[in-house]
Amino acid sequence: MSHQMKHNARRRQRPGTTEPETPADATEDFACTECETNDTSQSNNGEVVCNECGLVIEEENIDQGPDWRAFGPAERDEKSRVGSPLTETMHDKGLTTNIDWKNKDAYGNSLSGRKRRQMNRLRTQQERASTKDPQERNLRHAFGEIDRMASALGVPQSVREISCMIYRRALEADLIRGRSIEGVASSSLYAGCRQGNIPRSLDDIETVSRVEQLEISRAYRYIMRELGLEMKPVSPKEHVPRFCSSLDVSNDVERKATEVIEVTAEAGLASGKSPTGFAAAAIYTAAMLCGEDTTQRAISEVSKTSEVTIRIRYPEQMEIFTDPNHEN
DNA sequence: AAATTAGGTTACGCGAC
DNA sequence: GTCGCCAAACCTAATTT
């Protein structure tokens, strides 16, 4: 799986090695495919973004280095945890030993008849244990769904892990009873996206989900409440990169839009408004301020808001932004 | 393409019936 | 169990500029 991704430039210096410290730029091996520059940087949500054109180059970026530091060989042995990485996206966290199908022992010798029958029994047992236990089957089904939907929406792996963790907790707290697996899986993904600061609207989730929005939001509220998870309201700013990269606008506009949101939200314009609509309007405002032409229609399409909403929102933002007794 | 207008829909939980 | 509550935000659709 994607855990196998190699990523040499990001591997940290290990103690005990004799190689000299190489103070390499953390993301130097990501060159932008559009404008041929190496001027890229990594945002805190796991995306690598080109500083020139705003193109998102790498979305599923996992740090392969250890999450610990050691000061000497003894300590390294102590802290090292060997084995394949744990993942939340598999029903058994990818942890169990699988019995393979070959009737050979570890040295490649054939097994005796008795041993062979024993191995067959073990295989059947394992298969039953992992597929017949209702809880495990539930998780398999749900995680399959989460992965499918996340792929369709282009959601990075880190968020999938969060989503699967939320689902697992819901299952363990016995919150699924009376709700569909699909519905809870969808709402876990929605919640995971928000937690990971890569929000997707309920509309977005619905387009890839097999259940309707009402059920998703119901399950979402219920599970958040029961698990005691606090969710910060989504800032319109978090939608800007996604909308802009779907549009054909310069990153000047993107930056400006973020600025517009900051300033106008400060003035209290954003409260009570839908974050997607507000972000959409800010992009339109920014495009006008930058002298680039974009149509309200195009923005409304990628943001899944109506043109009318953009129309109502943007003059309010524009006013604050061009107000003489307000700086900028 | 953008603006205007009109009219309908949504979502929530709660107490009352 | 369902009725009503009630406003602001948002939507669609038709029309005009």
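Just so we're on the same page: letters track the sequence lines, and every chain starts at 1. Keep in mind that the numbers below use all heavy atoms, side chains included, and drop hydrogens, waters and symmetry copies.
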Remember a base hit wins even if backbone is also touched, and classify [X] as base, sugar-phosphate or nothing at under 4.0 Å, heavy atoms.
X: A:Gly277; result: nothing
X: A:Tyr314; result: sugar-phosphate
X: A:Arg218; result: nothing
X: A:Thr305; result: sugar-phosphate
X: A:Thr294; result: sugar-phosphate

Could you state the atom-to-atom distance from [atom1] of [X] to [atom2] of [N] in whole Å?
X: A:Phe278; N: C:dA9; atom1: CZ; atom2: P; answer: 12 Å
X: A:Tyr284; N: B:dA1; atom1: OH; atom2: P; answer: 10 Å
X: A:Lys273; N: C:dC11; atom1: NZ; atom2: P; answer: 13 Å
X: A:Tyr222; N: B:dG13; atom1: OH; atom2: C1'; answer: 17 Å
X: A:Arg225; N: B:dG13; atom1: CZ; atom2: P; answer: 7 Å
X: A:Met318; N: B:dA3; atom1: CE; atom2: P; answer: 10 Å
X: A:Ile312; N: B:dA6; atom1: CD1; atom2: C1'; answer: 12 Å
X: A:Glu301; N: C:dT12; atom1: CD; atom2: P; answer: 12 Å

Going by an N to O cut-off under 4.0 Å, is there a salt bridge joining A:Glu145 and A:Arg148?
-> yes
Under 4.0 Å between a Lys/Arg side-chain N and an Asp/Glu carboxylate O for A:Glu307 and A:Arg311?
-> yes
Distance, P atom - from C:dA9 to B:dC14, rounded to whole angstrom = 23 Å
Which whole number of Å gives the distance between the P atom of C:dC6 and that of B:dC17?
-> 15 Å
Around atom CG of A:Asp174, are there more than 12 heavy atoms of other residues, nucleotides or ligands at under 6.0 Å?
-> yes
N or O in side chain of A:Gln213 less than 4.0 angstrom from B:dT10 OP1/OP2 | no
Between C:dC10 and A:Thr309, is there an OP1 or OP2 to side-chain N/O distance shorter than 4.0 Å?
-> no
Taking for A:Arg297 and for A:Val308 the nucleotide of DNA chain B with the nearest heavy atom, the one nearer the 5' end belongs to A:Arg297
Nearest of B:dA1, C:dC10, B:dA3 to any side-chain atom of A:Gln296?
-> B:dA3
Are A:Phe243 and A:Val249 side-chain neighbours, meaning at least one heavy-atom pair lies under 4.5 Å?
-> no
Quick one: the side chain of A:Arg311 and the base of B:dA3, do they pair up donor-acceptor inside 3.5 Å?
-> yes
Under 3.5 Å donor-acceptor, A:Ser163 side chain and A:Val159 backbone = yes
